[in-house]
Amino acid sequence: MGKKQRLVRAGLTVILVAGLGACGAGADAGTGHPDGGAKGSGKTSQDTRPHTDTVSGLRDGVRHVTKKTVTSTRPHLTRTCTTATKRVKHTKRSGRGKKTWYTTERHQDCHKVAKGTEKYRRVVRPERWCVRLDDVNGRTSKDDVWYRVNSATYHAALGKDAHARMTIDPAGTGC
């Protein structure tokens with residue numbers, strides 16, 4: 001291997017290592033968060049624990065948002081089929097020549113066609129169960145945060161006293 005080839009290979013290795021290092025620089029870094037707990041990310045030394053989906057805090061309130069539907073109309077689709085025939089040419093070669101004959105093959109062409117309208121119930125707002133927590137994950141400054149939860153968690157929170165400590169596995173934030 002010549003000196004020039006070694007230099008090219010060393011240069012490519014440096015570029016590859018730099019590229020891989022750049023791709024992984026912002027990820028995790030032991031914090032479990034994509035920004036890696038970088039300076040200016042708002043993280044303190046106590047926030048460097050791994051990320052979990054569960055949150056804990058003091059129960060501040062609950063809210064049940066009912067499902068809202070409206071009657072709407074849409075085109076009624078029916079399946080229509082048309083039968084068509086096609087003339088197909090067949091040829092068979094033999095030692096003396098060729099023999100040709102024709103057959104008729106039938107096939108169906110089906111598609112959906114709008115015929116009139118039909119009424120249906122359209123969901124405008126899905127049903128949601130929410131819990132509001134204070135002192136989320138022990139941070140006294142993080143109050144009045146709404147979390148969407150499942151029905152069982154909502155009913156468990158409904159049975160607890162105000163400002164009772166609870167841990168939930170939220171489906172999302174906001175209500």
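Keep in mind that what you see is a predicted model, and the values were worked out from it rather than measured. Numbers for residues simply follow the sequence, beginning at 1.
- The side chain to side chain donor-acceptor pair (under 3.5 Å) search around Trp129 returns His64, not counting sequence neighbours.
- Looking at residues two or more places apart in sequence or on another chain, you find a salt bridge (charged side-chain N to carboxylate O under 4.0 Å, His left out) between Glu118 and Arg74.
- Every residue was checked against the side chain to side chain donor-acceptor pair (under 3.5 Å) condition with Arg63, not counting sequence neighbours, and none meets it.
- The shortest heavy-atom contact between Asp144 and Asp134 is N-OD1, 2.9 Å.
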Stepwise, does the side-chain contact (heavy atoms from CB on, under 4.5 Å) test hold for Lys67 with Val123? CA-CA 7 Å; Lys67 176 169 75 170; Val123 177; 4.2 Å; yes

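- Listed by first and then second residue, the disulfide (SG to SG under 2.5 Å) pairs that reach into residues 133-175 are Cys130-Cys175, sequence neighbours excluded.
- Sorted by first and then second residue, the ring-ring contact (aromatic ring centres under 6.0 Å, His included) pairs involving residues 68-104 (not counting sequence neighbours) are His90-Trp101.
- A distance of 12.0 Å separates OG1 in Thr54 from CE in Met166, rounded to the nearest 0.5 Å.
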Name each donor-acceptor pair under 3.5 Å that joins a side chain in residues 77-85 to protein atoms two or more places apart or in another chain, with its distance.
from, atom 1, to, atom 2, distance (Å)
Thr78, OG1, Val113, O, 3.4
Thr82, OG1, Asp109, O, 3.4

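- With sequence neighbours left out, the salt bridge (charged side-chain N to carboxylate O under 4.0 Å, His left out) criterion links Asp60 to Arg132.
- Membership of the apolar cluster around Val124 extends to Val70, as traced through chained side-chain contacts below 4.5 Å between ILVMFWY residues.
- Applying the salt bridge (Lys or Arg N to Asp or Glu O under 4.0 Å) test to pairs two or more places apart or on separate chains, none has a residue in residues 88-107.
- Between Leu58 and Leu133, every side-chain heavy-atom pair lies at or beyond the 4.5 Å cut-off.
- Residue pairs that meet the side-chain hydrogen bond (donor to acceptor under 3.5 Å, both in side chains) test with at least one member in residues 166-175, sequence neighbours left out, do not exist here.
- Counting all heavy atoms, side chain and backbone alike, Tyr147 lies closest to Ile168 at CB-CD1, 3.8 Å.
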Without placing hydrogens or testing angles, list every side-chain donor-acceptor pair under 3.5 Å for residues 151-163, not counting sequence neighbours.
from, atom 1, to, atom 2, distance (Å)
Ser151, OG, His155, ND1, 3.3
Thr153, OG1, Asn150, OD1, 2.7
His155, ND1, Ser151, O, 2.8

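- For Arg121, the side-chain contact (heavy atoms from CB on, under 4.5 Å) partners at least two apart in sequence or on another chain are Thr69, Thr71.
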